[in-house]
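When reading the values below, keep in mind they use all heavy atoms of this one structure, side chains included, and skip hydrogens, waters and symmetry mates. Throughout, protein chains are lettered first and strands after them, A, B, ... in sequence-line order, and every chain is numbered starting at 1.
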Amino acid sequence: MSRQNRRSANGALYDFATDSSAGPTDVDHVGHQFDLVDRQAQQNTNPLSTGLRLERVPAPCVMVIFGVSGDLTARKLMPSLYDLAVGHPLPEGFSIVGVSHRDWNDEIFRAEMRKAAEEGAGAPVTDETWELFAQGLFYVKGSFEDEATYTDLKTRLETIDEERRAHGNRLFYLATSPKFYAPIIRHLGASDIAHRQDIYYNRPDNWNRIVVEKPFGRDVESARALNAQIGAVFSERQIYRIDHYLGKETVQNVLAFRFANTLFEPVWNRQYVDHVQITVAESIGVEGRGGYYEDSGALRDMVQSHILQLLAVIAMEPPALFNGNALRDEKVKVLRAVVPPAGDGVAAKTVRGQYEAGYVGGREVEAYRDEKGVRPGSRTETYVALELGIDNWRWAGVPFYLRTGKRLPRRVTEIAVEFKQVPHLMFQSVGHLDLSPNVITMRIQPDEGIALKFAAKVPGPSTQLRPVRMDFLYGSAFGEAGPDAYERLLLDAMLGDPTLFARRDEVETAWALMQPIMDGWDEDGQPIYPYESGTWGPSRADAMLRRESREWRRP
Amino acid sequence: MSQVFETNPVLESYWETDTLDTGAIHDELTRLWTEVGGPRHGGQAPGEMIAESVPGGGGLMRANTLNLIAVAENADYAELITESVSQLRDFLPSRTVIFNTDGCADRKHTWHVRVQLSEARNKGSDSPTLRFETITISPDPKVAGHLASLVSPLMISELPTFLWWPSGDFANSPVFQDLVEIVDRLIVDSAQLGNDARALAQLRTLLDDEDDPSVGDFTWLRLQPWRQLVAQFFDPQEVQPALETIAQVNITYAPSREDRGSGLAAALLTVGWLASRLNWEILEPLERRKSGGWTAPLRSVNNGSKVRHVQVRLSPDQSIESRFSLRSVEIVSIDDHEGVFRVMRTDKDDLITSSETANAPYVSRVVYARWLSSVEMLGEELQRFGPDSILEDAIRFATRMLP
């Protein structure tokens, strides 16, 4: 596939480079030399912290959560923050200010958050622990678009600085609908609550950072617009785009598997690899979020973010260091080498589907179009399968097949690297041989682990070969899982470690890869193939691989 | 979310003999794995290289992690070891060899051997079942000082080997001296050394020999939240100068009770940690106080600046909250950077911290830091490899303070 394929059917050229209109201080996301500055900033000068398991403890700060009355705060943020606070990675004086339009006050806010912690936190919630934790919880009521909200917020933050020694450190968290991102950021800047800090800012006090939840836009243009809006107030070094997939232990384990072992890297290339399959399957439907899903669909919701992140970690070159920019530079490099289908290729190399009624796990489930909040004639895809190529020395000619869907038979996320057949089979003279190729499978969820399929001789006088699977289950070696992904990522944001967050150019490149596909679907009116709930997607997706004499795995 | 684990022996063999052949133990293990891989136990077929089952059937290779040797000098420790190993969750040894050196006078044969395959299943979860091997040997007392030659061929090759010695009496044991030569890491509990401060010196001897294994200590592990919280007081840069004006360190600890466990080692390690991190020197060795406990004058010299005296007071505390460890740590700084920093255990689950300095108001918080069980501490220690230089420095300093 040539580079020209990056041009869409309507002739638009998708420029993967960073928006040149960004200010000069936004060059901070290139080159890991800046991480040297970062590491010095993160180094704790306290001699007592040496050798402690939590050597890096964040400075006291205030976390300001916009949209605090929403589902994300109750399900994820508050349980994680409570666990971090009582598990003592967070310092004394850590405070949370919730901002929302709800008619709450500090007391109601604390009571609501206690319910959330009791529901989702790992550590027990007792009166004593809660009381002291709740002393750091404050609430500001107001509309995100009203200037008065920010006046109140500023006053509150100044009081907290004095009373709880927060030293002017602020972590803003956008847990709202994306439509509020722009006004919140604009007001934070205008009201002098947030300040732009350049890449050399390494003081432990008065730092400002912002965490942004996905979706980071809904196409290239909106992603760039959003980045420009955030960039008008915060420099790239202050922005933490959260994709909780990257906080998962097993995604990080993929990096360890590839780059901490010499065994696999020599065969991790076009010479030995036939193709790669990445599957992110869900057994659930839209679960009452039909309204949201109608505006996103599987491509925007899963492929652009989670699946491309998985592709990047599986296909990238070895970074020089495991730190913020070195790792993200390599991810961006490989994403820029990805060749998405465009023009006529969209119909040939992509399949979109939508679930119909069926049975999942023995339970009868309704069709997508019958779900609450979904338009009757909806053309939103709940399933996507696509083939991508990577135009670089390592992967040229190796197809990467990606698929994701809702209401598939089981919840599973895995990456399978299928190797080529041996060049010459010396056992042919002994008759029928069932020899399938070697496969390395990395399962992200559930049953996290790594499996290797290879051929072995069946014991006996005759030469019979059969495939066997050697399976390393993460849980069988290390028992219980590590901290929740949100805990890890919140702590990293407070510490100022951006390694596991998406960078501006990474997000824009990912959208640029999806844009020709979205354009192709819009322009060609490509059909949406229905599939029965509880099956592995539309048969059209099977046909797409069959054309190339391959088949989807049944994970 | 709570996890309910259920651990059961799946298959086991027991025999008594007058001459122990390690090859027989290997053969028995192979036989048990073959049997457990068969259809009756969820595997595919006997004879296959199958060692672990997953929900839905099918055989899988085990992930081997480490070898553990544990020595029980009496029946109580034998029970503690067996229970702890069977309840491990975070990091299971693939093979555990337990020596029960408590001589049984009435036995007919000199060696008793039990080989078990056990499995731990997380009820209510579809995570994999963990299977592990335990070999329990009551050795011939005549060869007690030569167990290394027996256990070496029983270890799974390529894996690190840990020795867990849960009782306090190890320095004079011939079994210990023999086994410590072949392991990579030693796990002890210095709280078990009792109320005699000089007993801590036993640990020091291990650190001085480069060939000896690295050391892990349950007492040090119990101090982890204490160290974390004390260190956090001084994370803000404006508070760090208070480290240079510390004048008093007051620690209350659990004195030895009937079960011999004492918090004195924890108190000494805390002082050793502070002193070694902050470059303090010893003016006089520890001295017994008439009211109980110990005291010692130290001095701090920082960058050639003014020499300051630091008075250390270790006081016994009879309350139940201090069990085997500390009840409270108080650090008092004076002069330009005046401040009082306290960590105190309020109950078995929580520590409370408070600090007050001239420039900042009183702040307090409760931290969830419950007492750890032996199982949890063993699980933690098994995840640690290599030397812990901070612990080693703390032990060295603490033992230099001994009278």
Completion exercise
Separation between OH (B/Y368) and OH (A/Y82), nearest 0.5 Å, reads 9.0 Å

Handout entry: Min side-chain heavy-atom separation A/E128-B/D347 under 4.5 Å
Key = yes

Problem - Test item: A/T50 and B/I390 side chains (from C-beta on) under 4.5 Å apart, heavy atoms - result: yes

Practice task
Answer yes or no: is there a side-chain heavy-atom contact under 4.5 Å between B/D349 and A/T126?
Solution key: no

Practice task
Taking atom CD of A/E118 as the centre, report whether more than 12 heavy atoms of other residues, nucleotides or ligands fall under 6.0 Å from it.
Solution key: yes

Exercise for the section: Could you tell me the separation between the OG atom of A/S49 and the CD atom of B/Q240, rounded to the nearest 0.5 Å? Expected result: 8.0 Å

Fill in the blank from the handout: The reported gap from CD in B/E238 to NE2 in A/H167 (rounded to nearest 0.5 angstrom) is 4.0 Å

Practice task
Flag the one option from B/S355, B/S364, B/S389, B/S276 with the top tally of heavy-atom pairs under 4.5 Å to chain A.
Solution key: B/S355

Exercise for the section: Would you check if B/R227 and A/L48 make a side-chain contact, meaning some heavy-atom pair closer than 4.5 Å? Expected result: no

Problem - Segment of A/L132 engaging chain B (4.5 angstrom heavy-atom cut-off) - result: side chain

Exercise for the section: Mind listing the closest non-hydrogen atom pair of B/L243 and A/P47 along with its distance? Expected result: CD1-CD, 3.7 Å

Practice task
Report, as yes or no, whether the 6.0 Å neighbourhood of atom CD on A/E119 holds more than 12 heavy atoms from other residues, nucleotides or ligands.
Solution key: no

Handout entry: Nearest-0.5 Å distance, CZ of residue B/R365 to OG1 of residue A/T129
Key = 12.5 Å

Handout entry: Engaged part of A/E163 at the chain B interface, taking heavy atoms whose separation is under 4.5 Å
Key = backbone

